[in-house]
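Per chain, numbering begins at 1; letters A, B, ... match sequence-line order. These numbers come from the heavy atoms of this one structure, side chains and all, not from hydrogens, waters or symmetry mates.
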There are 2 protein chains.
Amino acid sequence: MEKSLMHKDKKPVAVPEPTIRRMPAYLTLLRQLKDEGQEFISAPRLASFFNLDPTQVVKDLAYAGAAGRPKVGYVVEKLVEILEEFLGFNRKHEAFLVGAGFLGSALIQYQGFREAGMKIVAAFDTDKKKIGKDISGVPVFDLAKFRDLAGRLHISIGIITTPSSAAQQIADLMVGWGIKAIWNFAPISIKVPPHVIVQDTHIYANLAVILNKLNNAGR
Amino acid sequence: MEKSLMHKDKKPVAVPEPTIRRMPAYLTLLRQLKDEGQEFISAPRLASFFNLDPTQVVKDLAYAGAAGRPKVGYVVEKLVEILEEFLGFNRKHEAFLVGAGFLGSALIQYQGFREAGMKIVAAFDTDKKKIGKDISGVPVFDLAKFRDLAGRLHISIGIITTPSSAAQQIADLMVGWGIKAIWNFAPISIKVPPHVIVQDTHIYANLAVILNKLNNAGR
DNA sequence: ATTTAATAAAGAATAATATCTTTAATAAAA
DNA sequence: TTTTATTAAAGATATTATTCTTTATTAAAT
């Protein structure tokens, strides 16, 4: 079959989120190995790049539908294809971004998203000073134009990089305007109806982990 | 005692990472509630903001050393203090950043880090065009100056926002120069000796989760 | 051919985390 | 007072994720 393992003859088994989160890291490395002309890679070796258990890697790759051969490993090129397909990184994902401040500008300019098929095609703001400008070729429109443009361009992903005070309100608008998935960078949790996907990316969470480890380092 | 629960009379129990990662979100909301003048908050109510199980919140807060009162909840102001102290967000954390590109510039300009006591005090690059400039008041130095400045300013946190091809090399240098914790934004996993803390922040991981949910939405 | 070493795959065991249940505390209502 | 409702806290259970173990496969060496 395709994109997920089958459990007996019941519904497809959901892929664990930790697995999904590890996959892009595999893909990044595998693309590099491919560029270097490496043909095969074994799970133990792949695991050593990430300090993971080899069986973990095998299982993760199996979720994507990849199979390896004993004594040989996986075909790098095939694996790249499988992961790109599984993750959807080989398809085009156009997104609208609301909040053209520092963070928003950085995300727009961030070349790396291309590797994942993601493209921010327009930004929106309510600040008159920002409207009409463009950021590395991406136009900044008045938020009032979001609905019309999103409908016409069939945009399903919305990115929120506003201050946290505005985030929930923007999310509500996005939901009303037909956005299917919201990627929120404001440091609050936003609420959406169950049919809408929301992913909060809280940069503080990572910082908290670092500081905690730093504090505990002397034990 | 202080910052972690005691297990019998043995060593302090490590605080689960998921707990650490949730705490900044609690703190952000609690600061907001405090600003709004709210005096008390119950765990069930706090949990509702994040769609979490109330007992989860109670346990998380207990790890930080917070106690609530039945029928009343927690004192918001006290809770803010406890979490800030536990997370170290009320202390100053000075960091050096290497890689003054779009992402690096965005992190430097990102006001939000202040809320966590984090300050990027200098940036470094090897690109002559960038050296000597400043980004919102933060100077960009030649990478060659990192070691001397880090030693004199007692910097223990290094942030990597270089292209992935350079990241491991920069990490090695940082380790040699006495950096204790590395926050890596390049989309690869970097390797460091066991005494050095490393936190990889892979933005693709979040994107992968979103795309996966979007793909599975029609089931 | 036969053996050996490396490996993927499947399954079992373990560990970590989240959820559910019960108990105890306490403020407000009766 | 006494009762009731709400809640934190502690403990038990369930779930999830990771790691360990075993088996089967296969390429290379003998």
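Summarising the geometry, the separation between CG on A/L79 and P on C/dA8 is reported as 11 Å, rounded to the nearest angstrom. In this structure, OH of B/Y74 is placed 18 Å from P of D/dT6, rounded to the nearest angstrom. For the pair A/Y63 OH and C/dA10 P, the computed distance is 12 Å after rounding to whole Å.
If you look at A/F124 and A/F146, their ring centroids are closer than 6.0 Å. In this structure, B/F86 has its ring center at least 6.0 angstrom away from the ring center of B/Y63.
In this structure, the side chains of B/D125 and B/L143 stay at 4.5 Å or more apart for every pair of heavy atoms. In this structure, the side chains of B/F96 and B/I120 stay at 4.5 Å or more apart for every pair of heavy atoms. When side chains are defined from C-beta on, A/E94 does not count as touching A/M118, because their heavy atoms never get closer than 4.5 Å.
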When you compare the protein's N or O atoms with those of nucleotides 27-30 of chain C, which come within less than 3.5 Å of each other, and at what distance?
{"from": "C/dA27", "atom 1": "OP1", "to": "B/R69", "atom 2": "NH2", "distance (Å)": "2.5"}

Can you give me the N/O atom pairs linking the protein to nucleotides 17-19 of chain D at distances under 3.5 Å, or say none if there are none?
{"from": "D/dT18", "atom 1": "OP1", "to": "A/R22", "atom 2": "NH1", "distance (Å)": "3.0"}
{"from": "D/dT18", "atom 1": "OP2", "to": "A/R22", "atom 2": "NH2", "distance (Å)": "3.0"}
{"from": "D/dT18", "atom 1": "OP2", "to": "A/Q56", "atom 2": "NE2", "distance (Å)": "3.4"}
{"from": "D/dT18", "atom 1": "O5'", "to": "A/Q56", "atom 2": "OE1", "distance (Å)": "3.4"}
{"from": "D/dT19", "atom 1": "O4", "to": "A/K59", "atom 2": "NZ", "distance (Å)": "3.0"}

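Ring planes of B/Y110 and B/F113: perpendicular class, angle over 60° (limits at 30 and 60°).
Across B/V175, B/V196, B/I160, a single residue satisfies side-chain contact (heavy atoms from CB on, under 4.5 Å) together with B/I190, and that is B/I160.
Rounded to 10°, the angle separating the first-five-pair axis and the last-five-pair axis of the helix from C/dA1-D/dT30 to C/dA30-D/dT1 equals 0°.
Cation-pi geometry between A/K191 and B/F49 is satisfied (NZ or CZ under 6.0 Å from the ring centre, within 45° of the ring normal).
Atoms CD1 and CG, from B/I82 and B/L27 in turn, are 11.5 Å apart once rounded to the nearest 0.5 Å.
Residue-level contact check: B/P44 touches the backbone only, with heavy atoms under 4.0 Å from sugar-phosphate atoms and none from bases.
Across every non-hydrogen atom of B/L79 and B/A66, the tightest pair is CD1-CB, 3.4 Å.
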